[in-house]
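Notes for the one structure printed next.
Every chain is numbered from 1 and lettered A, B, ... according to where its sequence line falls, protein lines coming before strand lines.
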Number of protein chains: 2
Amino acid sequence: MLMSDLLERLRGRGWRLTSQRRVVAEVLDGDHVHLTADEVHARAVERLPEISRATVYNTLGELVVLGEVLEVSTDGRAKRYDPNAHHAHQHLVCSGCGAIRDVHPQGDPLSALPAAERFGFVISSAEITYRGLCPNCAGQAR
Amino acid sequence: MLMSDLLERLRGRGWRLTSQRRVVAEVLDGDHVHLTADEVHARAVERLPEISRATVYNTLGELVVLGEVLEVSTDGRAKRYDPNAHHAHQHLVCSGCGAIRDVHPQGDPLSALPAAERFGFVISSAEITYRGLCPNCAGQAR
DNA sequence: GTCATTGCAAAGGGTTTGCACGTAG
DNA sequence: CTACGTGCAAACCCTTTGCAATGAC
């Protein structure tokens, strides 16, 4: 996701461009890890000391509704935000520390579900989540 | 999941069999919908009026650790508990009301991820979640 | 009788909300 | 100028926890 593109697109949709929103977008753009709202806030504060948690939550929520960012909730923990909304991908989730990393698919999982198995649901997306231990947590377990 | 089997297995593992635990197990057995902890509590109360929410949470947590029940968290909402832990299956999740329904797979998604794409993770399981609208919510949207 | 389990109520994360102030357009 | 966006603090939902009372074995 190129920042300039993102801000461009949002401005086009009538988004009022505030420094807070710019900083949130920059934080998401700068890092391809999937951050929690609180982590986004922490990094945003480094650039704009008085940004509030509420604004970060609001802004992330808007980006999700606008389809610019994906919300990923992998367990009972905090949601994580995935800036990679425009490229289909799957997730590797660490059961130890909750970290998420993207992997890129070879097929479309949607096509794997025959109509007979849809039970009247109107399916719009499919996600594959692989669970296990990241290299770091797997090492500590020994 | 046959109740008698379940209670049998748990007794064999040294589980102290209280009326609360029996009722929670009965609720899970009686319904193949995936209930939230609060819904389990509501149904348990019908049979055992003074059962507490804490006990329901504790018991569900134990059943998860024992591998008898699966914890499914599909979004920022409450976790849901899936009594169908002994048969591999995937989930259809309604974006409208949060309902979950099981579907049965034709292949093992684990095998679909080549070693080169694992980034050092030790993968132990894979889940596929299909999102969309259930027949009920799709109807209301019109 | 002993010790695991319960119920209660309070605390705890994570997230949302109400409202007065500030500011982009 | 005028909505719209912000910050603060309180409210909220879901879940976990501390502790004394209870009851399964």
Side-chain angles (χ1 to χ4, degrees), chain A residues 7-8 10-27 34-45 47-66 68-82 97-98 100, chain B residues 7-8 10-27 34-45 47-66 68-82 97-98 100:
Chain A
L7 294 178
E8 202 71 11
L10 295 174
R11 208 172 314 139
R13 301 210 215 174
W15 229 44
R16 192 171 284 192
L17 193 44
T18 65
S19 46
Q20 290 86 339
R21 286 174 170 182
R22 194 192 322 273
V23 166
V24 170
E26 283 171 13
V27 167
H34 303 59
L35 303 171
T36 63
D38 227 47
E39 288 164 352
V40 172
H41 177 246
R43 300 193 184 198
V45 162
R47 302 174 185 228
L48 187 66
E50 291 317 311
I51 189 173
S52 71
R53 230 172 288 267
T55 295
V56 171
Y57 275 104
N58 289 340
T59 304
L60 289 172
E62 286 156 15
L63 289 170
V64 170
V65 168
L66 293 170
E68 297 293 345
V69 159
L70 254 31
E71 200 176 72
V72 185
S73 53
T74 53
D75 48 10
R77 311 181 202 214
K79 296 174 200 159
R80 290 173 181 272
Y81 293 87
D82 180 349
C97 64
I100 303 179
Chain B
L7 294 178
E8 201 72 9
L10 296 175
R11 208 172 314 141
R13 300 211 215 175
W15 229 44
R16 193 170 282 194
L17 192 44
T18 65
S19 46
Q20 290 86 339
R21 287 175 168 179
R22 193 193 321 274
V23 165
V24 169
E26 282 172 11
V27 167
H34 303 57
L35 303 171
T36 63
D38 227 47
E39 288 164 350
V40 172
H41 178 246
R43 299 192 185 198
V45 163
R47 302 174 185 227
L48 187 66
E50 291 316 312
I51 190 174
S52 73
R53 228 172 291 267
T55 295
V56 170
Y57 275 103
N58 289 340
T59 304
L60 289 171
E62 287 156 14
L63 288 170
V64 169
V65 168
L66 293 170
E68 297 293 343
V69 159
L70 254 31
E71 201 174 74
V72 185
S73 54
T74 53
D75 48 10
R77 310 182 202 210
K79 295 173 199 158
R80 290 174 181 269
Y81 293 86
D82 181 348
C97 63
I100 303 180

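Inter-residue side-chain proximity for A/L17 and A/L10 is flagged as unmet; no heavy-atom pair is nearer than 4.5 Å. When side chains are defined from C-beta on, A/L35 counts as touching A/R43, because their heavy atoms get closer than 4.5 Å. Between B/Y57 and B/V40, every side-chain heavy-atom pair lies at or beyond the 4.5 Å cut-off. Residues B/Y81 and B/E71 meet the side-chain proximity criterion, which asks for heavy atoms closer than 4.5 Å.
Regarding B/R22, its CZ atom lies at a distance of 12 Å from the P atom of C/dT6, rounded to whole Å. Atom C1' of nucleotide C/dG13 and atom NZ of B/K79 are separated by 11 Å, given to the nearest angstrom. A/E62 places its CD atom 12 Å from the P atom of C/dT16, with the value rounded to the nearest Å. For the pair A/R21 CZ and C/dT23 P, the computed distance is 15 Å after rounding to whole Å. Going from atom CD of B/E71 over to atom C1' of D/dT15 covers 11 Å, rounded to whole Å. In this entry the distance linking CG of A/L10 with C1' of D/dC4 reads 16 Å, nearest Å. Separating the CD atom of B/E39 from the P atom of D/dC13 is a distance of 15 Å, rounded to the nearest angstrom. Here the P atom of nucleotide D/dC14 and the CZ atom of B/R80 are 10 Å apart, to the nearest Å.
Residues forming a side-chain contact (heavy atoms from CB on, under 4.5 Å) with B/V45 (at least two apart in sequence, or on another chain): B/H41, B/I51. Annotation: side chain to side chain donor-acceptor pair (under 3.5 Å) contacts of A/N58 (sequence neighbours excluded): none. Remark: B/S52 engages B/A54, B/T55 in a side-chain contact (heavy atoms from CB on, under 4.5 Å) (not counting sequence neighbours). Listed by chain and number, the residues in a side-chain contact (heavy atoms from CB on, under 4.5 Å) with B/R16 are B/R21 (sequence neighbours excluded). Listed by chain and residue number, B/D82, B/A85, B/H89 satisfy the side-chain contact (heavy atoms from CB on, under 4.5 Å) test with B/L70 (two or more places apart in sequence, or in another chain).
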request  = Dump the intermediate steps for side chain to side chain contact (heavy atoms under 4.5 Å, CB included) on A/Q20 and A/L48, then the final yes or no.
outcome  = CA-CA 7 Å; A/Q20 290 86 339; A/L48 187 66; 3.8 Å; yes
query = Using a cut-off of 4.0 Å between protein heavy atoms and nucleotide atoms, how would you tag nucleotides 20-25 of chain D 5' to 3' with B, S and -?
reply = ---BBS
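Put simply, OG on B/S19 and CD on B/E26 are 10.0 Å apart, with the number rounded to the nearest 0.5 Å.
Both key distances under 3.5 Å define a Watson-Crick or G-U pair, and stretches of 3 or more such consecutive pairs in DNA chain D run C:1-25 with D:1-25.
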Every protein N/O lying under 3.5 Å from an N/O of nucleotides 10-12 of chain C:
none

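The pair A/R13-A/E68 counts as a salt bridge, with a side-chain nitrogen and a carboxylate oxygen less than 4.0 angstrom apart. B/R80 and B/E39 are joined by a salt bridge, as a carboxylate oxygen and a charged side-chain nitrogen come within less than 4.0 angstrom of each other.
Residues from residues 48-58 of chain B lying near DNA chain D, meaning a heavy-atom separation below 4.0 Å, are B/A54, B/Y57, B/N58 in numerical order.
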